[in-house]
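Step one of this worksheet: look at the structure below.
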Number of protein chains: 2
Amino acid sequence: MSETHLQDALDTLKTTGVRITPQRHAILEYLIQTMAHPTADEIYKALEGKFPNMSVATVYNNLRVFREVGLVKELTFGDASSRFDFVTNDHYHMICECCGKIVDFHYPGLDEIEHFASQVTGFDVHAHRLEIYGTCPSCKDVSAKVQ
Amino acid sequence: MSETHLQDALDTLKTTGVRITPQRHAILEYLIQTMAHPTADEIYKALEGKFPNMSVATVYNNLRVFREVGLVKELTFGDASSRFDFVTNDHYHMICECCGKIVDFHYPGLDEIEHFASQVTGFDVHAHRLEIYGTCPSCKDVSAKVQ
DNA sequence: ACACTAATTGTAACAATTATAAATTAATAA
DNA sequence: TTATTAATTTATAATTGTTACAATTAGTGT
């Protein structure tokens, strides 16, 4: 099924007139296959084996292209570097403040808040972003043992 | 009433054992008084007149101190630099994707989603973050005129 | 007013990201 | 298939936001 995701993504590129290069193919493949939400540098390092000559700039350029086409979402948390997430269906992120782990979860029907906010502020609403911060089970265990 | 905010903030510093310096006083005052959500550099530039010798490092240091004490929230959007928001009561942000304007709005009862997410992921939940993106009224006007 | 310690300053370092220009390569049509 | 053209990659330099550091300065409790 990640196969079809990749195929869909490539189709999107084709219809949008974005050339499909081996580097783009590899970046997309990696983004889809990994369960993590990698930084640009992590992607760069992960593909170093396959593409010894690839430049970091290529990773950044293509992540921007993917974002513009809507294939990829850029996540900016407090820390230094952005993380990138292949867009499938809508989901939110639960983030461990201890170890940085990110877990996806689904939650339907936050559209009402978009409505509400639109009414209150007079904005046209395009999208929203929600993250929840906490402590993951394994970090809870660790801190329990320490005490 | 922004007077009491400032006084409360200073009290918080005192009880937390954080020294009250003129620079800290001025940064807090500026954060409370401005309706915007300034970057560290904007704060630095705004106080340049009063403190010609103040270092950027001082601004960053103190914003970190304020964050650790809970007086200030750091907002990281897609763009390069963090923005800082004096913490009053809980509110969310509506952000114009066209001009970057940020408008605060209140919305009660998003605790249920914290509960839900906690159940689903097994995390202990500490906080959440929500932003809504759209186009502000004045940017709507401009784009209407162009067409 | 004194001493103690934290805070400020100026600067250098760092790390993420972007700009640039030259070399390469994918898509297209002949 | 090949030539053409414009997009893409690459390598590197530049930029920018932020932090680290060491020396100086200044709050605070006594």
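All chains are named by letter (A, B, ...) in the order of the sequence lines, taking the proteins before the strands, and each is independently numbered beginning at 1. Computed from a predicted model, the values in this text were never measured in an experiment.
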Whole angstrom value for the distance that separates [atom2] of [N] from [atom1] of [X]:
X	N	atom1	atom2	result
B/Y60	C/dC14	OH	C1'	13 Å
A/I43	C/dT17	CD1	C1'	14 Å
A/R67	C/dT17	CZ	P	11 Å
A/N62	C/dT25	CG	C1'	14 Å

*Taking any atom under 4.0 angstrom from a heavy atom of chain A, which nucleotides of DNA chain D are the first and last to qualify, 5' to 3'?*
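Under 4.0 Å from chain A, the extent on DNA chain D is D/dA6 to D/dA11.
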_Please evaluate residues A/R24 and A/I27 with respect to the criterion side-chain contact (heavy atoms from CB on, under 4.5 Å), reporting the C-alpha separation (whole Å), side-chain torsions for both, the decisive distance (0.1 Å), and the verdict._
CA-CA 5 Å; A/R24 286 182 177 159; A/I27 294 173; 5.7 Å; no
*Which residues within residues 10-28 of chain B lie with some heavy atom under 4.0 Å of an atom in DNA chain D?*
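Listed by number, they are B/R19, B/I20, B/P22.
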_Counterpart residues, ring-ring contact (aromatic ring centres under 6.0 Å, His included), relative to A/F51 (two or more places apart)_ =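 Partners of A/F51 under the ring-ring contact (aromatic ring centres under 6.0 Å, His included) test: none.
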Honestly curious: do [X] and [Y] fall in one hydrophobic cluster under the side-chain, below-4.5 Å linking rule?
X	Y	answer
A/L75	B/Y92	no
B/I43	B/Y60	yes
A/L130	B/V125	yes

_At 4.0 Å (heavy atoms only), tell me whether B/D41 reaches a base, stays on the sugar-phosphate, or touches nothing._
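Here B/D41 touches no strand at all.
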*Is A/S82 touching bases, backbone alone, or none of the nucleic acid, heavy atoms closer than 4.0 Å?*
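Contact class for A/S82: sugar-phosphate only.
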*Using 30° and 60° as the class limits, which term best fits the ring planes of B/F77 and B/H93: parallel, tilted or perpendicular?*
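Perpendicular.
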*asked:* When you compare the side chains of A/E42 and A/Y30, does any donor N or O come within less than 3.5 Å of an acceptor on the partner?
replied: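 Short answer, no.
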_Non-hydrogen side-chain atoms of A/E29 and A/L47 separated by less than 4.5 Å_ =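 With C-beta onward as the side chain, the pair stays apart.
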*Do A/F66 and A/L13 pass the side-chain contact (heavy atoms from CB on, under 4.5 Å) test, and can you show the C-alpha distance, the side-chain angles, and the key distance before you say yes or no?*
CA-CA 8 Å; A/F66 296 156; A/L13 291 187; 4.1 Å; yes
*Would you kindly compare A/V56 and A/N61 by the position of their nearest DNA chain C nucleotide and give the one closer to the 5′ end?*
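It is A/V56 whose nearest nucleotide is closer to the 5' end.
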*Side-chain N or O of A/S81 closer than 4.0 Å to phosphate OP1/OP2 of C/dA15*: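 Checking C/dA15 against A/S81, no side-chain N or O comes under 4.0 Å of OP1 or OP2.
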